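To find a chain, count down the sequence lines: A is the first, B the second, and so on, and within it residues start at 1. Remember, predicted model here, so these are calculated numbers, not experimental data. Quick note: numbers below take in every heavy atom, side chains included, and nothing from hydrogens, waters or symmetry partners.
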Protein chains: 2
Amino acid sequence: MSLPHAILTALVEKPSSGLELTRRFDRSIGYFWSATHQQIYRELGKLETEGLIRELPGRQPARGQKKSYEVLPAGREELARWTAAPQDPRPLRDTMLLRLRAAAVVGTAGVGDDLRRHLDLHERQLAEYREIEERDFPPGRDGAEDRLRHLVLRAGIDLETFWTGWLRHALAEFAELPGEGAGAQNR
Amino acid sequence: MSLPHAILTALVEKPSSGLELTRRFDRSIGYFWSATHQQIYRELGKLETEGLIRELPGRQPARGQKKSYEVLPAGREELARWTAAPQDPRPLRDTMLLRLRAAAVVGTAGVGDDLRRHLDLHERQLAEYREIEERDFPPGRDGAEDRLRHLVLRAGIDLETFWTGWLRHALAEFAELPGEGAGAQNR
DNA sequence: ATACGCATGTAATCTGTTACATGATTGG
DNA sequence: CCAATCATGTAACAGATTACATGCGTAT
């Protein structure tokens, strides 16, 4: 129940078409709330029906034509209401941890290589976040909006820092496991 | 596509009934792959149909009667295959981060209180993990299975450490935001 | 004219959530 | 006998994923 609010947030920041939203989800919002273009189009339809957003006036109608939306006052209110309401953190669902637990009973074949690959992925993501931080949040600016957005980016950086650290630790442990030189075994 | 493998892992560790699995998901496996009893029963049915698990022999049939399952060789093979195959990390979906981004445009009302509540939740979870670590992983044991399971628990501990650290940082930032004494405002 | 990329959308399927229904067992 | 609890399950729905369909605009 958060996708509509992710979209409302994006549209309040800047009115956009479906594809533009998709691009922005790929770049920035999707770092903590991912969505595909199908989800976005479907949800835009719903939000329009519910009167929370509307098509920007001065438009072409047809299919294959760009169609931009803006947030209506009702949408802004709904977003404010949702933001203010308490919500429990959603339970974690992580495949790598599950695989390690499975590896404890069926063997570690293949897992070491993928740990290395994940480390690489997380290192890249971390580097990307740090670039964004340098570019968008140079020292000594502090509007309230900037601070909040910086805080969110900080979470991303800290989270990737956690993953890279843990993955390195995991790889070190793996190196000490019996028979983990080349990578495979099944008990 | 991981719930069946979570269940297979649990059943390889120890044959169980649906409700016993549900309990174990609440306690241990669910820390990184949560599931409700409905999901579990549905999936047990599928796994049995596919010939990956079977009912423990020596059974009563009827509804309301306990029904335990064990993993068949085909199930163990499928689990090993899945564990060894590379998988991309699933994209992050975090509501609190989304809310902060929304708060940057619609105001921070209510968010501060919930940050505090989340900090409390994550501190409790961290304490629970640490207790498990003390109880189940005293210094100086090192079977391969133990090491892998400890590694998974370590991820939980490090992750909760990240959250509590970040939430404290966020609360400190909030304290400096204009008008954030009592908690509410809308721009 | 056709092929490519942009843009919007439909459909089918799978996964997860919520609410409820039913039988068995046990303690009062 | 009754209520509570254990245990299994159904049904309906909501959310997410995957594959595909269609139309427009532009460059070759």
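Salt bridge present: Arg124(B) and Asp120(B) bring a charged side-chain N and a carboxylate O closer than 4.0 Å. Ionic pairing of Lys46(A) and Glu50(A) is not present here: no N-O contact between side-chain nitrogen and carboxylate oxygen is shorter than 4.0 angstrom. A salt bridge links Arg154(A) with Asp158(A); the closest basic N to acidic carboxylate O contact falls under 4.0 Å. A salt bridge links Arg54(B) with Glu70(B): the distance from a Lys NZ or Arg NE/NH1/NH2 to an Asp or Glu carboxylate oxygen falls below 4.0 Å. A salt bridge does not link Glu20(A) with Lys14(A): every distance from a Lys NZ or Arg NE/NH1/NH2 to an Asp or Glu carboxylate oxygen is 4.0 Å or more. Electrostatic pairing of Glu134(B) and Arg130(B) does not count as a salt bridge here, judged by no charged N lying under 4.0 Å from a carboxylate O. Ion pairing of Arg168(A) with Glu123(A) is present here, as a side-chain N (NZ or NE/NH1/NH2) and a carboxylate O approach within less than 4.0 Å.
Annotation: proximity of residues 14-29 of chain B to DNA chain D (heavy atom, distance under 4.0 Å) is found for Ser17(B), Gly18(B), Leu19(B), Arg23(B), numbered in ascending order.
Between Tyr41(B) and dG9(D) there is no side-chain polar atom (N or O) within less than 4.0 angstrom of OP1 or OP2. The shortest distance between the side-chain N/O atoms of Lys66(B) and the OP1/OP2 oxygens of dT25(C) is not below 4.0 Å.
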Check step by step if side chain to side chain contact (heavy atoms under 4.5 Å, CB included) holds for Leu159(B) and Tyr129(B). CA-CA 11 Å; Leu159(B) 192 56; Tyr129(B) 286 158; over 6 Å; no
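Nearest-nucleotide assignment on DNA chain D puts the 5′-proximal partner with His37(B), out of Ala35(A) and His37(B).
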Is there any protein nitrogen or oxygen under 3.5 Å from a nitrogen or oxygen in nucleotides 12-16 of chain C, and what are the pairs?
from    : atom 1 : to       : atom 2 : distance (Å)
dG16(C) : OP2    : Gln39(B) : NE2    : 3.2
dG16(C) : N7     : Arg42(B) : NH1    : 3.4
dG16(C) : N7     : Arg42(B) : NH2    : 3.0

